[in-house]
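Remember, it's 1-based here, ligands and their atoms both numbered in the order they're listed. A quick note: this is a predicted structure, and the numbers were derived from the prediction, not measured.
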Amino acid sequence: MKKGLLNYVTIIIILMIIILNSTTSIYAYNILGNNDKTLDILIINSYDSKNEWENHIITGFEEKLKEIKPKDLSLNIDLEYLDIRKRNDKAYLDSFNDLLNKKYQYKDIDIVFAIDDGAFEFVKSKVLNSQSVLYHKQILFTGVNNPVELTGEYKKYITGILQANTDQLFNLILYLQPNIDTINIIIDEFIYSNVIKKRVESSKSLFFRPVKINFIQSNYIEDIQNKLKKINDKNQAIVLTGTFMYKSNKSHVKLKDIVNDIKTITDNPIYTNNYAYVFNGVIGGFVDIGEHQGSYVAKEICNILEGNKIEEGILPKSSGMYIFDYKQIYDYNIDILKMPKDSKLLNKPKYALLLPKPLKITVCIVFSLLILIVVYVVYKFIIEIKKSNKNKKLYERAKEREQLKTDFIVNMSHELRTPLNVILSTSKVAELKINTNNYDNKYLLGKLEQINKNSNRLLKLVNNLIDITKFEQGVYEINLENINIVEVVEDIVLASVDYATYKNIDLVFDTEEEEIITAIDKDKIERVILNLLSNAIKFTHKGGSIYVYIKRENDKVFISVEDNGMGIPKDKINEIFNRFYQVSDTLKKHEEGSGIGLCIVEEIVDLHGGKINVYSEVNKGSKFEIILPIYMVEENFKNLQIKDIQQIVKLEMSDVDTKEN
Ligand code: ADP
């Protein structure tokens with residue numbers, strides 16, 4: 001029982017395989033032998049392998065067929081060139097027929113694909129001829145210009161696609177260029193040229209306005225050029241079709257060279273109905289696309305393979321298309337807006353505007369102007385921002401200056417008031433003593449000393465103010481003399497020792513050299529050292545120490561005044577040379593000063609061609625280092641004025657605290 005069921009299932013499976021196999025073979029019913037899994041196609045090309053248009057057809061045909069054919073069907077495609085441009089007489093055609101008969105007698109051709117008029121006429125003449133290998137073969141054609149009439153038996157075996165009508169191309173030219181009154185058709189002398197001529201003549205009634213048609217016909221480019229020389233009217237257009245040879249060696253002229261050769265003779269616009277030309281420098285036109293025609297034929301073959309009957313007569317397919325070369329349209333000043341819808345544009349740059357030239361120029365100008373305006377506005381905006389920032393800075397500076405001035409006036413008032421108060425009160429006390437006949441000489445001398453010191457303080461202040469004004473006006477002068485700077489500095493330090501001693505500060509002078517002769521203004525350098533010393537004493541705590549050191553390095557002299565006082569904050573170091581600047585610190589509040597001493601020091605050092613460095617750390621101390629160049633001046637520069645050093649020290653130290661103000 002089980003065995004019977006197994007047999008039954010096996011029979012069903014075998015039957016199913018047979019049914020499936022037979023359905024997949026249905027496509028081969030009409031044109032393939034029962035077990036034949038290869039489709040044998042013979043392509044007959046009217047011309048030779050150099051004809052680009054026909055090559056486009058073959059490419060389109062093969063690609064489409066490979067894409068849509070049943071997977072288990074293999075293709076065998078043979079290609080023969082009838083090459084009717086070389087010969088087209090009966091004897092030649094007979095010998096071509098003999099060749100096919102011999103070559104393909106043992107081959108079972110399934111499909112014959114005839115490309116263009118020559119091949120079509122040949123194949124048609126053989127399909128009902130029992131002596132030919134093409135006898136009763138399935139024939140497809142394309143690219144045929146001649147009117148095709150298929151009657152009786154022919155209908156059974158032949159189908160195909162005609163070339164597009166020429167009226168669309170002519171109407172296109174007449175529409176795009178209303179000035180055109182004559183169209184020159186450049187054509188060769190091969191078989192299909194006469195067909196084209198006939199077709200143009202017959203489609204004249206379809207032109208939407210009358211135009212003169214003129215044929216320029218030759219197989220040779222030189223002849224075409226000569227004939228073109230005769231037309232130099234602007235209102236004429238050219239339609240280029242066909243292919244040409246050089247007269248000299250009968251070789252094919254490349255399509256690009258044909259177009260270029262024509263352009264050397266005439267500026268008239270060149271259109272075409274030949275797809276291959278649109279890639280070679282003509283404006284474009286209404287052209288048949290070879291690939292399209294090839295792929296239509298491939299589709300029809302698959303239709304037949306599926307067991308359908310062939311479409312009788314001509315296939316109602318249009319492979320025509322409007323194609324233009326973007327660059328040529330502008331070169332020939334053609335209004336791009338007039339181009340038919342669905343036109344294909346070749347060589348169009350990615351972001352190019354599809355506008356007529358004048359409009360394009362206007363758009364470019366407007367766009368450039370807009371960019372310029374935007375750039376200008378942005379520029380103005382940036383300038384305004386910069387200006388306002390500058391104004392802000394200027395305002396901040398002015399505010400700072402104002403603040404400095406206010407601080408200075410407050411300071412100055414205090415500076416002036418303190419010694420004045422001391423002078424007034426001291427003189428009052430002295431006056432009282434004298435009035436009461438209390439002549440304590442020592443006491444009165446002490447009071448006079450105080451009056452003297454505070455007067456000096458006032459004098460120093462006024463001197464500094466005068467100097468500052470002189471610096472500002474550029475009239476400050478120095479009197480140089482060749483002098484031992486070591487001695488100058490040492491004398492000043494020694495004369496200041498008392499002032500340091502008052503604060504219990506240890507003031508030490510040290511030198512590497514006993515004598516360094518250089519050109520300086522002695523008075524001014526004394527002021528510089530005294531200023532640094534008075535600051536050092538002022539800003540060093542009681543019991544501290546000050547170290548003055550002088551040395552020579554090459555042609556420079558280094559003088560440093562170093563203390564272990566309260567120091568200067570890092571962010572203030574660059575400020576202390578500014579006029580009226582004082583580091584505000586509660587520790588320093590009680591110290592006297594106007595904030596102009598260092599400003600004068602820097603100016604004097606600068607006038608000597610030197611510079612001043614400051615090294616300082618808060619609560620550790622400060623070091624002021626003056627570097628002066630060593631050089632000599634002529635003797636007559638000498639200023640022989642001799643001053644009392646004690647008097648000068650008194651004056652400069654007048655604001656240093658000595659307890660008994
Ligand atoms: P001032 O008359 O106030 O001393 P200066 O121009 O001589 O004016 O000095 C400016 C400021 O620099 C001082 O007010 C002080 O704050 C700071 N300074 C100068 N020398 C020293 C120093 N040796 N130690 C600490 N601070 C100093």
- Item | Salt-bridge contact K453-E449 (side-chain N to carboxylate O under 4.0 Å) |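 Salt bridge: no.
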- Under 4.0 Å between a Lys/Arg side-chain N and an Asp/Glu carboxylate O for K327 and D331? yes
If you count the atoms of ligand 1 from 1 in the order shown, which ones are under 4.0 Å from a heavy atom of [X]?
{"X": "S622", "answer": "22 (C), 24 (N), 25 (C)"}
{"X": "I568", "answer": "25 (C), 26 (N), 27 (C)"}
{"X": "G597", "answer": "5 (P), 6 (O), 7 (O), 8 (O)"}

Relative to [Y], does [X] satisfy both conditions: NZ or CZ under 6.0 angstrom from the six-membered ring centre, and within 45 degrees of the ring's axis?
{"X": "K538", "Y": "Y499", "value": "no"}
{"X": "K524", "Y": "Y476", "value": "yes"}
{"X": "K338", "Y": "Y175", "value": "yes"}

Side chain, backbone, both or neither: [X] near ligand 1, heavy atoms under 4.0 Å:
{"X": "F624", "result": "side chain"}
{"X": "L598", "result": "both"}
{"X": "L532", "result": "neither"}

- Item | Selection from T540, V614, I576, V618 by shortest heavy-atom distance to atom 17 (C) of ligand 1 |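 Ranked by closest heavy atom to atom 17 (C) of ligand 1, first place is I576.
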- Query: Mind checking whether K538 has a heavy atom under 4.0 Å from ligand 1?
  - Reply: yes
- Query: Is the centre of the Y439 ring less than 6.0 Å from the centre of the Y443 ring?
  - Reply: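 Distance test on ring centres: not under 6.0 Å, no.
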